[in-house]
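One structure is given below, encoded as structure tokens.
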Amino acid sequence: MRDDAVRFRDLQALPALNSARLVGGGAGMDVIVREVEIVEPEAVMTADLRPAALIVLPFGNADGPIHQEHLLDLMLRRAHLAKVCAIVVTGHHSEIATATRRLADKFAIPTLVAPDRLPALPLTVHLRTVVHEPQVEQSRILHALTSRLRAHGEDLHHIMTCLATTLDAAATACTAQGTILSGDEPATAVPDIVSSRTLCSFRTDDTSIAVLPVAGLAGSAALWVAVERADAGALWRGTAELCLSVAHGPLLAWLAREQLTAERDARLRGTLLAEILEHGGAVTSAVAEQAAMAGWQLAGWHVGLHFRLGHSAGLSTFTVDTLARELAAAQLYPGPLVERADGWSTWITSPQEVPADHAHKVARKLTRALRAFRDRRSGVTVAAGVGSPQRDASGIATTLAEARQAAVIAASSGDSMAVRVVQDLGASRLLLGWYSSSAFSDYAGQLLRPLLDNRDKDLITTLEAYLDRSCSAMQTGRVLGIHRNTVSQRMARVEKLLGLSLSQADTRLAVQLALRALRTSDLKH
């Protein structure tokens, strides 16, 4: 049995049979097709049927549906005896009888009813060509894709449309964080797609998929393009890989343009924000004009927002763009997000003075937006801070500084999604210098190094929960779903590894601060 053999599943996926209906014999979809022959209705009883052949049965001249049904039943019985692999019926105008369907299922002979407009002879020639020379069909498809890309393949949406149309498949482009840039949510799990490191194809359940990773300017994959089709076989997957190879050039060019544009815009926004923060209420007319062109409002009452995002696979520009869209969907309309040393900043402006609880209203909307953002992007962590309302350009620096402080406290919580309002921080603001200083981060790393290097990662998780719950073994066990004796045993191991006793209040405070400093440092980097 040769590996490149054409199976009936491959033929059913051809554009020529797109509108054909499978009426029975689904269990035989993966049978190998060696030949394609046409059998006229009057020759059903006399035609020489060869094993592993696909029979095209034209009913255009047969008299009446009853006669057609009878001939199809006879064809199925003869096909079963001759080990024919499949039947394609053309010109059949009525519904296939249940008994005939059951007969096809019994013999596991896939039976397709093609649309009336499909002539039997050209169909037979086409299918025979695919069976004996599948490269000819692949060449035709690649030529069609090349023509479409030449005419329309300038941006990602058009490239994906060309792929979907040519392969009669669903096409999706996404980032490592699960951000869908084009197309719909794929049937295949996004982690399975982005785990691909090279061009490949595979089958999951009833879906065939081909995946192409596209490297960005940094040299690592920044975009994954996948095409999916249900009930397609190895021939389709091979053709899909070839099509993705053809589309790789346009995809690479689009990605490079997007990344270069994003980097240029990020630099311009960063420079503009630095000018505003430095000059405050004395911004020049030129800076004010640039801010207006960027969509920033300098006059009015501003509430600063700061975001600290993290992901094990790194972050992309597309992730930040998606965050901006989620904010807009939650009826938060900030200016552009500006990348800074420890995250991204922006602000929301109101033309009139806002009430005292305005920052908390913003925080509630922000929480909903970030929850939706995080849920759709597996593995992304986000800590956000909200500043207090401040007036005009001179107040932007103040509210953004407050938002950054609140984001640091939010990051220290260890939650995958946390929002803090600066007005609620209270005494926590006194610890900001400790959390954010490199000196204390270094000390925290030295203090906790035995735990960080230990293979048992449950120890540090249990230690965090234990300290956050006032050293109660019972409450810690309840939160972690383990027995309190297990908590006590782990704490004993922690004390032995660290060489200290958690019975001392000062020691507990130092360890807890070190844990929070490391959380902040991990999210920052």
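The closest side-chain heavy-atom distance from E40 to I38 is below 4.5 Å. Between M160 and H157 the shortest side-chain heavy-atom distance does not fall below 4.5 Å. Looking only at side-chain heavy atoms (C-beta outward), T346 and F307 come within less than 4.5 Å of each other. Side-chain contact check for E185 versus V190: some heavy-atom pair is nearer than 4.5 Å. Considering only heavy atoms from C-beta on, W296 comes within 4.5 Å of L272 through its side chain. Inter-residue side-chain proximity for V130 and L235 is flagged as met; some heavy-atom pair is nearer than 4.5 Å. Contact annotation: the side chain of V194 never approaches that of T175 to less than 4.5 Å [non-hydrogen atoms, C-beta and beyond]. L49 is listed as a side-chain neighbour of M75, based on a closest heavy-atom distance under 4.5 Å.
When atom types are taken as modelled, the side chain of D342 and the backbone of R308 share no donor-acceptor pair closer than 3.5 angstrom. Side chain of S195 to main chain of D192: a donor-acceptor pair is present (N/O by atom type, distance under 3.5 Å, no hydrogens or angles). Side-chain N or O atoms of D456 include one that pairs as donor or acceptor with a backbone N or O of D458 at under 3.5 Å. With K83 contributing its side chain and A53 its backbone, the two residues share no donor-acceptor pair below 3.5 Å. Side chain of R9 to main chain of V6: no donor-acceptor pair is present (N/O by atom type, distance under 3.5 Å, no hydrogens or angles). In this structure, the side chain of W347 does not engage the main chain of L400 through any donor-acceptor pair within 3.5 Å. R78 places a side-chain N or O within donor-acceptor distance of the main-chain N or O of V44, the cut-off being under 3.5 Å. Although no hydrogens or angles enter the test, the distance criterion places a donor-acceptor pair under 3.5 Å between the side chain of R229 and the main chain of A13. Distance alone, capped at 3.5 Å, is enough to place a donor-acceptor pair between the R203 side chain and the A232 backbone.
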L112/L11 under side-chain contact (heavy atoms from CB on, under 4.5 Å): CA gap, chis, key distance, verdict: CA-CA 11 Å; L112 281 183; L11 299 180; over 6 Å; no
Chi angles and distances behind the side-chain contact (heavy atoms from CB on, under 4.5 Å) call for V214, W254: CA-CA 10 Å; V214 183; W254 174 85; over 6 Å; no
Audit row: H248, L199, side-chain contact (heavy atoms from CB on, under 4.5 Å) steps and yes/no: CA-CA 10 Å; H248 183 253; L199 173 64; over 6 Å; no
Criterion side chain to side chain donor-acceptor pair (under 3.5 Å) on R148 and T165, from CA distance to verdict: CA-CA 9 Å; R148 290 187 175 109; T165 302; 5.3 Å; no
side-chain contact (heavy atoms from CB on, under 4.5 Å) between L323 and W344, worked out: CA-CA 11 Å; L323 173 59; W344 285 262; 6.0 Å; no
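Note: L127 CG to D10 CG = 12.0 Å, rounded to the nearest 0.5 Å. Taking CG of L76 as the reference point, atom OG1 of T111 lies at 4.5 Å (rounded to 0.5 Å). Interatomic distance, R257 CZ to L252 CG, rounded to the nearest 0.5 Å: 10.0 Å. Note that OG1 of T188 is 8.5 Å distant from CG of D205, once rounded to the nearest 0.5 Å. Here L305 contributes atom CG and L337 contributes atom CG; the two are 8.5 Å apart, rounded to the nearest 0.5 Å. One finds the CD atom of E339 at 12.5 Å from the CG atom of D265 (value rounded to the nearest 0.5 Å).
The environment of CG in D453 is crowded: more than 12 heavy-atom neighbours from other residues, nucleotides or ligands sit within 6.0 Å. Heavy atoms from other residues, nucleotides or ligands lying under 6.0 Å from CZ of R102 number 12 at most. Around the NE2 atom of H132, the shell of radius 6.0 Å holds more than 12 heavy atoms that belong to other residues, nucleotides or ligands. R77 CZ: 12 or fewer foreign heavy atoms inside a 6.0 Å radius.
Counting all heavy atoms, side chain and backbone alike, V39 lies closest to A47 at CG1-CB, 3.8 Å. Between P41 and L71, the closest heavy-atom pair is CB-CD1, 3.6 Å. What you find for P213 and S196 is that their closest heavy atoms are CG-O, 3.4 Å. Nearest heavy atoms, L149 versus P250: CD1-CG, 4.4 Å. Of all heavy-atom pairs between A222 and L255, the closest is CB-CD2, 4.1 Å. In terms of heavy atoms, K365 sits closest to A330 at CD-O, 3.7 Å.
Ion pairing of R7 with D30 is absent here, as no side-chain N (NZ or NE/NH1/NH2) approaches a carboxylate O to less than 4.0 Å. Looking at R371 and E326, no side-chain N of the basic residue comes within less than 4.0 Å of a carboxylate O on the acidic one, giving no salt bridge.
Side chains of D155 and H158: a donor-acceptor N/O pair is present below 3.5 angstrom, by distance only. No hydrogens or angles considered: a donor-acceptor pair under 3.5 Å links the side chains of S201 and E241.
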